[in-house]
Amino acid sequence: MHEYIHITFVLFVGFIALFIMTKILGKSQISQITPFDFISAIVLGELVGNALYDENTGISQMLFSVLLWTILILTTENITQKFRRTRKLLEGGPSIVIRKGKIEYGQLKKNHLDLNQLQELLRAKDIFSIRQCEYAFLETNGTITALKKPEYTTPTIEDLQLKYPKIKVPINIILDGEIVHENLNILGWDVKFLDEKLKKKGYTNVKEILYADWEKEDGLHIQTY
C-alpha cells in the first residue's frame, strides 16, 4: 500500500512540476518538436520515471533535476535569441528537399528521408504529385513547407478580381452543455436573453446542446449531442 501511495505522490508532484516548466518555457516547446526538444522530452520522462521506480531517487532530487533542466533550456533559448550564429548549431536549420521542381537527393539522404516519407509529407500539404511542387523545405521540427508551381496553385480573390469578404469570427456561447458566461458578457447578453433565443430554435435545456456559437450575420448555430 505504501508503494502505491509513493507512486501517486510522485506522479502528482511530477505532473505539477512539468506543467509549471512548460508554462515557463512557452507554447513553442509544445507546438514545435525540434531535435533539442525531443531530447528534452526523453530526459524529463526519465527524471519522473526514475523517481517512480528508484527508491534512491526522491522527490527533492526529481524537482531539482527538473529545475536544473528548465534553467538549461532557458539558457539555450536565450543564447539562440541573442546570438544568431548559434541557432544552426543548437536548433538546426531548414533543408531544401525540392528545388525548382527537382528533388534534392543529397538533402534527402542527409536528413534520412526516403521518397515515400517525402510524398507523405507533401500530401499533408495538398500536394499529391512531386510534379506539382516548385519548392519544398524540410523544417527543423520535421514538417514540410511547400510552394506549388504556378499552374497548380489555387487562384486568389485578387487574381479573380472579386470583392473581399468580411472576416467573421463566431463567438462560442455554449460548450459541452455549459454556458460560456464571459462570451455572453462580450455580446452584452444575459442568461435570460440566451434562453429566449434558444426557445425560438426549439431548445429548452442548455444541457442538451453540445455546441453553440453566435455570428452577427448568420445568427445562432447550434449542434446537439
* In sequence, state the C-alpha distance, the side-chain angles, and the governing distance for I127 and I144, and then conclude on side chain to side chain contact (heavy atoms under 4.5 Å, CB included). => CA-CA 11 Å; I127 297 176; I144 281 279; over 6 Å; no
* Only pairs at least two apart or in different chains count here, so list each ring pair (Phe, Tyr, Trp, His ring centres under 6.0 Å) that has a residue in residues 137-170. => none
* Set of residues satisfying side-chain hydrogen bond (donor to acceptor under 3.5 Å, both in side chains) with respect to E120, sequence neighbours excluded -> none
* **Intermediate values then yes/no, side chain to side chain contact (heavy atoms under 4.5 Å, CB included), V206 and D195** => CA-CA 8 Å; V206 174; D195 287 338; 4.3 Å; yes
* To do: Sorted by first residue and then second, give each salt bridge (charged side-chain N to carboxylate O under 4.0 Å, His left out) pair with at least one member in residues 141-157; sequence neighbours left out.
  => D126-K148
* Could you tell me which residues satisfy side-chain hydrogen bond (donor to acceptor under 3.5 Å, both in side chains) with T204, sequence neighbours excluded, listed by chain and number? => none
* So I173 and L220, side chain to side chain contact (heavy atoms under 4.5 Å, CB included) or not? Walk me through it. -> CA-CA 9 Å; I173 54 177; L220 196 62; 3.2 Å; yes
* Asked: If you look only at pairs with a residue in residues 199-225, which of them pass as a ring pair (Phe, Tyr, Trp, His ring centres under 6.0 Å), with sequence neighbours excluded?
  -> W189-W214
* Stepwise side chain to side chain contact (heavy atoms under 4.5 Å, CB included) check, L121 with L113 -> CA-CA 10 Å; L121 292 169; L113 190 72; 4.1 Å; yes
* E104: partners by salt bridge (Lys or Arg N to Asp or Glu O under 4.0 Å), with sequence neighbours left out -> R99
* Rounded to the nearest 0.5 Å, what separation is found between the CG atom of N183 and the CD1 atom of I174? -> 11.5 Å
* **Shortest non-hydrogen contact from A212 toward I209** => CB-CG2, 4.1 Å
